[in-house]
Amino acid sequence: MLAFSGRPDPTWEVSAADAAEFVRLWEAMEPAQGAATRPILGYRGVRLVAPTSRAWQAFGGVVSRLDDGEDHRSDPGNLWEHALLRTAPPDLDLPGELPT
Amino acid sequence: MTVRVTLDVFSGRPIPTVELEGNEADDLLDRLRPERRLQADDVPTPPPVLGYRGIVVEQDERPDELPRELRLIEGRAIGVGLAHAVRDRELEDYLISEDGPFRELHIDVEPREFYDRVRELRAAYLELEWRHKWPWWDDVFVWPWPRACDCGPIYEPAWWNAPSRRPHNNCYNYACNYRTDTFAQPGRAHSAQYSSLTCESVRPAALADKLIDVPEANNACPEEGHLVALVVAPGWDFHWYRKGLDGWWSHKPGSTSATNLDNSGKLIRDPRSADRGPYTDFCAFMVVMHGHIKIE
């Protein structure tokens, strides 16, 4: 999760099955015209990084593939983003509430 | 031919959509035809998450020059394989006017109020775009111009933003102008790390690292060393700014790039009045004496 400035951003592992599902959902999404503007400070979205270095970043209704030029997909209602945030283990040290 | 036109502006209420046919559809597509290809600095700022996001035009029998779906925003049509200024620059004004295609829609507010609100949101987008393109504009005519700080660090974001440094150095590293590649935490180098995310806890942790408290600083340059500022998002995180050689402030939000802009896209004259997002508590000005501090 991309949120902090002073503290390290929290990271966690997503199971291979869940990751595959997130990739499948992303591939089925409609194209979007660009990433949403992210704030400089504060919550800036959530990133899924595969061992192969493929990576996706979700914020504000758009999920962008980071490692393959500009490929943005529309995430109405931030469903993909929130689902990925919900894979965080409950014991992860996340002060405050997740922005879901 | 049917052309679907959507006013992409609202979040909570239904997004207004109309379908045009016949002459009205032909006329719209004609007015949308490309006049010239956009140059790099013409491309619109990404629309905001909330607010005016332009007008989406969809069609099935697309003419050669237009894709199946495009977004019209401030006279520019953007779609797959398309980034053009449109032939009729007044088309958008017409589409969001009382005479435009949404006139037939049943809207649960007075039409005048509805269109005024849309125009207000569009003006907010224009302002956002202006700030993205000219972030320094509001500060050019500021008087007095910030006084230079002789001992302040030079604003050189490219050095901090190099891939080998950026992910491993945070706001505290940047403010102290001290690379550790450890995402430095206040107090950690002296076994005195903060215990909670409050001013009362982070401030003494920084003092343990030999930063100097200067409660009377009031944004003025110190005679020696350089000025930094601590802010806190209560219970969530801390953040630091540093005052540079030119008298302006800059910062490095976590693993992201160093910048001299605040959350509103403005240059930072004083971190107390900057848009700091969730970092609502201003804790203290402090001085970093070069070579005297230790962080990790």
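Proteins get letters first, then strands, A, B, ... in listed order; numbering begins at 1 in each.
For a residue to count as touching a neighbouring chain, one of its non-hydrogen atoms must lie under 4.5 Å from one of that chain's; by this rule B:Y172 does not touch chain A. For a residue to count as touching a neighbouring chain, one of its non-hydrogen atoms must lie under 4.5 Å from one of that chain's; by this rule A:P8 touches chain B with backbone and side chain alike.
Test B:Y155, B:Y174, B:W160 against B:S250 for side-chain hydrogen bond (donor to acceptor under 3.5 Å, both in side chains) and you get one pass: B:Y174.
Between A:F22 and A:W80, the distance separating the two ring centers is shorter than 6.0 angstrom.
Comparing A:L2, A:I40, A:L41 by how many heavy-atom pairs each has under 4.5 Å with chain B, the most go to A:L41. The choice from B:D275, B:N263, B:N173 that makes the most heavy-atom pairs within less than 4.5 Å of chain A is B:N263.
B:R179 meets the salt bridge (Lys or Arg N to Asp or Glu O under 4.0 Å) test with B:D181; sequence neighbours excluded. Under the salt bridge (Lys or Arg N to Asp or Glu O under 4.0 Å) criterion, A:R47 pairs with no residue, sequence neighbours left out.
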